[in-house]
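Notes to accompany the following structure.
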Amino acid sequence: MSIGEGSTGATAGGEAPEEAPGRDFIRDIVAADLQAKRHAGVVTRFPPEPNGYLHIGHAKSIALNFGIAEEFGGRCHLRFDDTNPTREEQEYIDAIERDVRWLGFDWGRHLYYASDYFERLYEWAELLIKAGKAYVDDQSPDEMRIARGTLTEPGRNSPFRDRSVDENLELFRRMKAGEFPNGARVLRAKIDMASGNINLRDPVLYRILHAPHPRTGTAWSIYPSYDYAHGQSDAIEGITHSVCTLEFEDHRPLYDWFLENLPVPSRPRQYEFARLNLTYAVLSKRVLTQLVRDGHVNGWDDPRMPTLAGLRRRGVPPAALRDFVKRIGVAKANSVVDANVLDFSIREVLNKSALRRMAVLRPLKVVIENYPEGQSEELEAVNHPDDPGAGTRKIRFGRELFIEHEDFMENPPKKFFRLSPGNEVRLRYAYFITCREAVKNATGEVVELRCTYDPATKGGNAPDGRKVKATMHWVSAADSLPAEIRIYNPLFMSAAPDAGNFAADLNPQSLEVLANARVEPALATAKPEEPVQFERQGYFSLDPDSRPDRLVFNRTVGLRDTFAKVVGK
RNA sequence: UGGGGCGUAGCCAAGUGGUAAGGCAGCGGAUUUUGAUUCCGCCAUCCCCUGGUUCGAAUCCAGGCGCCCCAGCCA
């Protein structure tokens with residue numbers, strides 16, 4: 001297999017072209033290695049464990065690994081790290097493949113599983129035993145833990161550490177044959193129980209697990225540990241740069257130990273970078289799994305989830321995620337990225353791609369008193385103000401309309417430019433209207449506005465040159481469609497949620513449902529993952545829950561709102 | 001006196017001995033039939049601290065301080 005085949009670029013979705021990626025210390029290392037001809041080409045891999053859904057933190061890793069391969073003309077493998085059948089499931093394998101593809105990356109024919117290498121890994125384990133570098137330990141997990149020592153005290157050698165090669169071999173083969181119950185014995189590397197690096201205190205290579213595996217079924221009753229499987233899998237696949245997160249930094253000596261003590265076909269190197277943290281979010285598979293299992297959210301693809309599936313359902317385009325990870329960089333310092341950066345990337349991409357529509361989230365009825373009853377007319381509206389090629393559409397104007405409730409104030413503060421008694425505003429693409437009266441119900445709430453319009457301002461401009469300070473979106477009462485709109489707020493209330501006690505920090509207002517919204521007729525053909533901007537409101541996309549008679553839209557992200565700051569919310 | 005990392009603006013992040021990039025956020029202002037977009041301008045005399053080397057240090061040296069990770073038969 002030649003380097004380079006099977007790796008293609010991040011250009012899904014047809015959004016704005018993405019320019020050259022930035023540099024970072026890992027790309028510098030790759031460039032230097034290639035320069036020094038240490039490798040014929042670069043081969044990376046993205047190695048998820050199929051025990052949960054991918055989240056935005058994984059997007060950083062995916063973009064890094066696939067991005068490097070692409071930029072340096074190499075390839076990136078998708079390899080499932082499926083060494084623990086007690087927590088891995090086919091559903092996750094399928095979801096991960098779907099999400100990586102959606103993000104815009106392609107592993108070509110380089111789809112692998114650590115389980116593909118179980119046989120070879122086993123043979124190599126026997127080699128270590130024969131070389132006196134591994135032994136079967138009969139200690140219980142508790143005994144092992146105690147003998148391992150502590151962070152400041154060295155561990156003690158296991159009483160089984162000096163078994164003969166023959167005995168070790170026999171026992172290991174019997175472990176493989178399924179002769180012992182779970183936990184009865186393990187195979188350990190014989191390294192150094194006094195090492196300051198606890199990973200080197202005779203790490204476990206194999207444990208007995210009588211559990212069916214999604215791929216190998218019941219063929220095995222022993223499974224390799226992450227440490228034993230990872231580096232060798234990399235070597236088998238010819239990975240040149242094995243990129244992982246910081247917490248594996250002190251596993252690197254062990255990673256190297258295996259590669260140096262086994263007849264592996266290549267010599268990969270491990271490099272570590274800081275994982276992504278986002279404000280107001282928790283990026284921990286453990287916590288995300290619990291949110292789903294405990295019903296705090298409606299599944300892995302709940303739009304409030306930081307999962308790729310959740311972001312997709314929310315309407316975030318993959319290009320925005322790619323832009324985001326490029327923006328935040330790659331380094332070794334632990335950091336927490338401001339969620340504003342993500343929102344910025346989403347708006348950046350959506351501003352260019354989303355067609356504009358009008359929708360009224362909280363309708364307030366408006367009656368144009370001087371507009372003839374029973375009459376209506378068509379007006380033309382552009383689909384995208386910066387892209388004439390996006391064309392136009394017709395919208396219907398009539399005597400009865402809906403405007404946004406918050407666009408009217410009976411007693412407006414000085415900086416409020418929108419509708420108020422006696423004030424004139426423009427209805428986008430339509431006419432200037434002036435509020436004559438606010439009709440209230442018994443409890444004093446404004447339930448309807450009586451307005452007049454100026455027929456001479458058709459299209460939105462006054463022949464006499466007079467100006468209005470506000471342009472408002474609206475929808476016709478007769479033609480608009482009812483819709484449910486879901487507004488998402490941060491899942492957690494604090495900027496830095498405590499993953500250890502996240503339940504107490506859940507935001508009860510994370511989902512707001514606006515059940516009585518009205519949207520313009522053109523939205524009847526909206527589709528999920530097809531972004532649309534509701535003018536002056538934000539970016540939205542149809543939720544899969546939507547039905548023809550009951551449109552449901554998710555707010556992906558709101559528009560920047562400097563007025564909200566003026567008001568001082 | 002365990003081991004491994006990291007400390008540059010509110011948040012990310014370049015910089016690797018020659019006098020602090022860029023982005024987000026924020027703050028001004030221009031344009032605007034989205035209070036959006038776009039466009040201009042401002043925003044670290046200082047790089048965790050203290051010494052030292054040097055003509056010159058965020059960058060080199062010494063000593064501190066702070067934060068993160070590791071004691072799963074998880075990854």
Side-chain angles (χ1 to χ4, degrees), chain A residues 22-24 47-49 51 81 83-84 86-88 137 139-141 144-146 148-155 182-188 194-201 203-209 222-223 225-227 229-230 244-253 272 274 276 279 285-286 326-345 347-348 351-352 356 358 381-382 385-386 415-418 426-430 432 459-461 467-473 495 533-538 558-567:
Chain A
R23 297 235 66 83
D24 55 66
E49 183 191 9
N51 67 342
D81 221 327
T83 57
N84 186 351
T86 65
R87 39 218 272 180
E88 294 153 7
D137 195 342
Q139 292 183 105
S140 69
M144 265 185 66
R145 179 172 47 73
I146 291 163
R148 187 154 29 229
T150 68
L151 295 178
T152 53
E153 300 163 285
N182 287 353
R185 294 179 225 266
V186 291
L187 180 72
R188 291 229 256 173
S195 173
N197 182 343
I198 291 177
N199 294 300
L200 262 21
R201 316 240 266 227
V204 170
L205 274 50
Y206 274 92
R207 71 282 212 194
I208 297 169
L209 245 35
I222 56 173
Y223 291 91
S225 62
Y226 163 85
D227 283 311
H230 206 91
C244 62
T245 44
L246 253 28
E247 65 270 28
F248 293 103
E249 204 153 16
D250 39 50
H251 287 242
R252 188 170 0 114
E272 312 84 13
L276 170 69
T279 56
K285 258 200 238 175
R286 194 203 103 235
K326 188 163 65 188
R327 228 170 251 285
I328 60 176
V330 177
K332 294 193 70 161
N334 288 315
S335 61
V336 182
V337 175
D338 193 324
N340 278 316
V341 182
L342 209 212
D343 285 351
F344 179 86
S345 289
R347 292 191 189 106
E348 179 87 339
N351 175 48
K352 297 189 182 88
R356 265 103 251 229
M358 291 203 283
V382 305
D386 306 320
K415 287 293 208 175
F416 187 83
F417 306 144
R418 284 110 97 147
R426 170 168 43 229
L427 289 183
R428 180 143 232 228
Y429 301 122
F432 282 12
N461 287 301
K467 303 290 184 197
V468 290
K469 298 188 84 170
T471 298
M472 295 173 12
H473 60 99
Q533 182 194 100
F534 289 173
E535 295 211 37
R536 302 208 308 134
Q537 295 288 172
L559 252 28
R560 247 182 103 232
D561 188 359
T562 49
F563 176 64
K565 282 172 198 158
V566 172
V567 180

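Sequence lines set the chain letters: A, B, ... in the order given, protein chains first and strands last, and positions in each chain run from 1.
- Taking the P atom of each, B/A75 and B/C70 are spaced 15 Å apart, rounded to whole Å.
- The CZ-C1' distance, from A/Arg201 to B/G4, rounds to 13 Å in whole Å.
- At the heavy-atom level, A/Glu272 lies nowhere under 4.0 Å from the strands shown.
- For B/C39, the paired nucleotide is B/G29, the pair qualifying as Watson-Crick or G-U wobble because both relevant distances are below 3.5 Å.
- A/Val336 comes within contact range of the sugar-phosphate backbone alone, with a heavy-atom separation under 4.0 Å but no base atom that close.
- Within the 4.0 angstrom heavy-atom criterion, base atoms lie near A/Arg356.
- Ring geometry for A/Phe248 versus A/His251: interplanar angle over 60°, hence perpendicular rather than tilted (30 to 60°).
- Per the geometry, CD belonging to A/Gln533 stands 6 Å off C1' belonging to B/A36, to the nearest Å.
- Between A/Ser195 and A/Lys469, it is A/Ser195 whose nearest contact on RNA chain B lies nearer the 5' terminus.
- Between A/Arg426 and A/Asp338, the residue anchored closer to the 5' end of RNA chain B is A/Asp338, taking for each the nucleotide with the nearest heavy atom.
- Here A/Lys415 lies in heavy-atom contact (under 4.0 Å) with a base.
- Nucleotides B/G10 and B/C27 are separated by 16 Å at their P atoms, to the nearest Å.
- Rounded to whole Å, the separation between the C1' atoms of B/G18 and B/G56 comes to 7 Å.
- Taking each heavy atom of A/Arg188 and A/Leu205 in turn, the nearest pair found is C-CD1, 4.1 Å.
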Nucleotide by nucleotide, nucleotides 69-75 of chain B touches protein heavy atoms under 4.0 Å in the pattern (B base, S sugar-phosphate only, - none) BBBSBBB

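- With a cut-off of 3.5 Å on both Watson-Crick or G-U wobble distances, the partner of B/G15 is given as B/U8.
- Computed from coordinates, the A/Glu249 CD to B/C67 P distance equals 19 Å when rounded to whole Å.
- Considering only side-chain atoms of A/Lys332, the nucleotide from B/C24, B/A13, B/G5 that sits closest is B/G5.
- A search for side-chain hydrogen bond (donor to acceptor under 3.5 Å, both in side chains) contacts involving A/Arg87 returns nothing, not counting sequence neighbours.
- B/G2 is paired with B/C70 under the Watson-Crick or G-U wobble criterion, all donor-acceptor distances under 3.5 Å.
- Taking atom C1' in both B/C55 and B/G17, one finds a spacing of 12 Å when rounded to whole Å.
- For A/Asn340, whose side chain is taken as the heavy atoms from C-beta onward, the closest listed nucleotide among B/C24, B/A14, B/G35 is B/C24.
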Would you please test A/Asp343 and A/Arg560 for side-chain contact (heavy atoms from CB on, under 4.5 Å) and show each step?
-> CA-CA 9 Å; A/Asp343 285 351; A/Arg560 247 182 103 232; over 6 Å; no

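- In a base pair of the Watson-Crick type (N1 to N3 plus N6-O4 or O6-N4) or a G-U wobble (N1-O2 and O6-N3), with each distance short of 3.5 Å, B/U50 is matched with B/A62.
- In this structure, A/Phe344 reaches the sugar-phosphate backbone alone: every heavy-atom distance under 4.0 Å involves primed, P, OP1 or OP2 atoms, never a base.
- One atom, CG of A/Leu342, and another, P of B/A25, lie 12 Å apart when rounded to the nearest Å.
- A straight line from CZ of A/Arg23 to P of B/G15 spans 10 Å, rounded to a whole angstrom.
- A/Arg327 comes within 4.0 angstrom of sugar-phosphate atoms only, judged by non-hydrogen atoms across all strands, and of no base.
- Using a 4.0 Å heavy-atom distance criterion, A/Phe416 is classed as a base contact.
- A/Asn51 pairs in a side-chain hydrogen bond (donor to acceptor under 3.5 Å, both in side chains) with only one of the listed residues (A/Glu88, A/Arg286, A/Lys285), which is A/Lys285.
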side-chain contact (heavy atoms from CB on, under 4.5 Å) between A/Phe534 and A/Leu559, intermediate numbers included = CA-CA 9 Å; A/Phe534 289 173; A/Leu559 252 28; over 6 Å; no

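- Between B/C49 and B/A58, the distance separating the two P atoms is 11 Å to the nearest Å.
- In this structure, CG of A/Asp343 is placed 19 Å from P of B/C11, rounded to the nearest angstrom.
- Nucleotides B/A14 and B/G28 place their C1' atoms 27 Å apart, quoted to the nearest Å.
- A/Asn199 and A/Asp250 share a donor-acceptor pair across their side chains, judged by distance under 3.5 Å alone.
- When rounded to the nearest whole Å, the span between CD of A/Glu348 and P of B/G23 equals 12 Å.
- Using C1' as the reference atom, B/C12 and B/G7 are 14 Å apart when rounded to the nearest Å.
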Trace of the side-chain contact (heavy atoms from CB on, under 4.5 Å) decision for A/Val382 with A/Arg356 | CA-CA 8 Å; A/Val382 305; A/Arg356 265 103 251 229; over 6 Å; no

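- For the C1' atom pair drawn from B/U59 and B/U54, the interatomic distance equals 13 Å after rounding to whole Å.
- Ranking B/A14, B/U37, B/U34 by closeness to the A/Arg560 side chain, first place goes to B/U37.
- Nucleotide B/G35 is shown with an anti base, its glycosidic torsion being more than 90° from 0.
- Residues satisfying the side-chain hydrogen bond (donor to acceptor under 3.5 Å, both in side chains) test with A/Gln537, not counting sequence neighbours, are A/His473.
- For A/Lys326 and B/A14, the NZ to P distance is 16 Å, given to the nearest whole Å.
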Evaluate side-chain contact (heavy atoms from CB on, under 4.5 Å) for A/Leu209 paired with A/Asn84, printing each intermediate quantity in order.
-> CA-CA 8 Å; A/Leu209 245 35; A/Asn84 186 351; 4.0 Å; yes

